[in-house]
Asker: 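Below is a structure I'd like to ask you about.
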Protein chains: 2
Amino acid sequence: MNPAMSKKTGAKAPRRGRPAMSDAKKEEMKALIAKTAQQLFNEEGYAEISMRRLAQEIGCTPMTLYNYYGGKLDVLQTLWGSVFDDLFRALDALHPEKDPAKYLTTLSTAYVQYWLQHTDHYRLVFMAEGVTQPEVSIFLDNPDIIARFMIFGDALSNASKHGLDQDQLKLKLDLLICVLHGIAHNHITISGYPWSSPDDLVRVAIDGLLAA
Amino acid sequence: MNPAMSKKTGAKAPRRGRPAMSDAKKEEMKALIAKTAQQLFNEEGYAEISMRRLAQEIGCTPMTLYNYYGGKLDVLQTLWGSVFDDLFRALDALHPEKDPAKYLTTLSTAYVQYWLQHTDHYRLVFMAEGVTQPEVSIFLDNPDIIARFMIFGDALSNASKHGLDQDQLKLKLDLLICVLHGIAHNHITISGYPWSSPDDLVRVAIDGLLAA
DNA sequence: CTATTTAAATATACGCGTATAATATATATG
DNA sequence: CATATATATTATACGCGTATATTTAAATAG
């Protein structure tokens, strides 16, 4: 709570003391922190970069970071949010086609290609060391994230020839996401192996899913 | 490596210096550490108990613990091993019956009952805070642990009327373990809800699995 | 009994994330 | 221009797990 603000009773009279940082300035600082953190986390790994190191790179002291973020994990979760924003912005840009099955395939292919073309993002989100399961769950429980995956649910529902009840839809959606991740994960982490084309793998997976 | 031992070239001649602690003494100390840790971890949670606190309870200094264990996580993983020893000792004591399906049900019921009767063990193994996924995976990748779950694989194979190939067996085994854990987990963590009898739930699950 | 040697235990130190206290800065007031 | 005040930043401190250095203990040699 800001007592000075409450004293003002809404009137913007001048008042003493150092003025609070403007929202624009705050966002600028948060963005700088996030950008520097992403760069360092990508280069050297989340666990390897300390708050002291991050602050040093930015040119402030460690405790300054806590004015803008709740803590080290908060910085990482913010980067996760940015990555998902980026990803879903790309997916939302795909226009639904006449053929629902074709659109689902296009969407799924784009999802896998996003991770293949942004392996840094993939490692940051799915392979950060020293992160506990509850820390991941808290992030994923955000209704925003779950809602965004419904673009796949909607596409899947439209592409299914038979009506799917909610349980069936959820099962197939879960399976779809698992398969797409499997394709992306294997191509990224076992890249030396001569995998089938990711686009082909996605197509076969969608065909099988719709036929099931 | 122990250079003094290598100097002796196998002959047990007296030699200078403080003698190494006997294996029996070492095991005694390891057991004391494990027992005290289990008690404290059960009472207050793994993350809440520091190595300093554990040492204090035992009556030594923190660095002494490192003579017997690789670190804090090593202590926890040793406790996990003890719990699985206890569990599988109970399961191995069950004699296979003439009816393979009945034996599978008995075995599965015993598995669930073990966790229900040892909720402390369940929380220690499955609900320790501050443990990362790789730390769990390293423990579970131990061939001993995986091999011990094959008692269920064998029972399931014997109880199946149709021959199962390896993929089918693995799928059903994975499903069985997931279901049994679901039963145990819900009874332990949502214990206020009036669940159906765990024995009944196990029976229905096995019937369904064998009929699939 | 003293000196030497080896192992066990302890003391000290380190960097970590972050809590708390102190200082610097940017404003208004007189 | 000096003072007062509110905020932003920095300095200091804490407990953590654990690396490293030092001390203590337990033995043998002479």
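Convention: sequence-line order gives letters A, B, ...; per-chain numbering from 1.
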Asker: Atom CG of B/D74 to atom P of D/dG17: distance rounded to whole Å?
Answerer: 14 Å

Asker: Nearest-Å distance, CG (B/D23) to P (C/dA7)?
Answerer: 14 Å

Asker: OH of A/Y66 versus C1' of C/dA21: gap in Å, rounded?
Answerer: 17 Å

Asker: Just the rounded figure in Å: distance from C1' of D/dT7 to NZ of A/K25.
Answerer: 15 Å

Asker: Of B/M21 and A/M51, whose closest DNA chain C nucleotide lies nearer the 5' terminus?
Answerer: B/M21

Asker: Show every donor-acceptor pair shorter than 3.5 Å between a side-chain atom in residues 19-37 of chain A and any protein atom, with sequence neighbours excluded, or say none if there are none.
Answerer:
unit_1 : atom_1 : unit_2 : atom_2 : d
A/S22  : OG     : A/K25  : N      : 3.1
A/K30  : NZ     : A/Y68  : O      : 2.9
A/T36  : OG1    : A/L32  : O      : 2.8

Asker: Heavy atoms under 4.0 Å, any strand shown: does A/Y68 hit a base, just sugar-phosphate, or nothing?
Answerer: sugar-phosphate

Asker: Generate the contact string for nucleotides 23-30 of chain C. Rules: B means base contact, S means sugar-phosphate contact only, - means no protein heavy atom under 4.0 Å.
Answerer: --BBBSS-

Asker: Figure out the CD/P separation between B/Q56 and C/dA9, and round it to whole Å.
Answerer: 18 Å

Asker: Hey, can you pull the donor-acceptor pairs under 3.5 Å for the side chains in residues 198-205 of chain A, sequence neighbours left out?
Answerer:
unit_1 : atom_1 : unit_2 : atom_2 : d
A/D199 : OD1    : A/Q113 : NE2    : 3.0
A/D200 : OD1    : A/R203 : NH2    : 2.4

Asker: So, A/Y114 and A/H121: side-chain donor and acceptor under 3.5 Å apart, yes or no?
Answerer: yes

Asker: What integer distance in Å separates A/E28:CD from D/dA8:P?
Answerer: 15 Å

Asker: A/T106: which residues meet the side-chain hydrogen bond (donor to acceptor under 3.5 Å, both in side chains) condition with it, sequence neighbours left out?
Answerer: A/E97

Asker: Is the backbone of B/D165 close enough, under 3.5 Å, to the side chain of B/Q168 for a donor and an acceptor to pair up by distance?
Answerer: yes

Asker: Indicate the ring-plane relationship of A/W80 and A/F139, choosing parallel, tilted or perpendicular according to the 30° and 60° boundaries.
Answerer: perpendicular

Asker: May I ask you to check whether A/Y111 and A/H181 place their ring centers less than 6.0 Å from one another?
Answerer: yes

Asker: Would you mind building the protein contact string for nucleotides 10-15 of chain D? One character per nucleotide, 5' to 3', B for base within reach (heavy atoms under 4.0 Å), S for sugar-phosphate only, - for untouched.
Answerer: BB-B--

Asker: Please list, one pair per line, the donor and acceptor atoms closer than 3.5 Å that link side chains of residues 57-64 of chain B to other protein atoms, with sequence neighbours excluded.
Answerer:
unit_1 : atom_1 : unit_2 : atom_2 : d
B/E57  : OE2    : B/R53  : NE     : 3.1
B/E57  : OE2    : B/R53  : NH2    : 3.3
B/T64  : OG1    : B/T61  : O      : 3.4

Asker: Figure out the NZ/P separation between B/K26 and C/dA7, and round it to whole Å.
Answerer: 10 Å

Asker: Once you round it to whole Å, what is the distance between P of D/dC16 and CG of B/L73?
Answerer: 18 Å

Asker: Evaluate the criterion salt bridge (Lys or Arg N to Asp or Glu O under 4.0 Å) for residue pair B/D167 and B/K172; output intermediate values, then yes/no.
Answerer: CA-CA 9 Å; B/D167 290 343; B/K172 288 200 167 191; over 6 Å; no

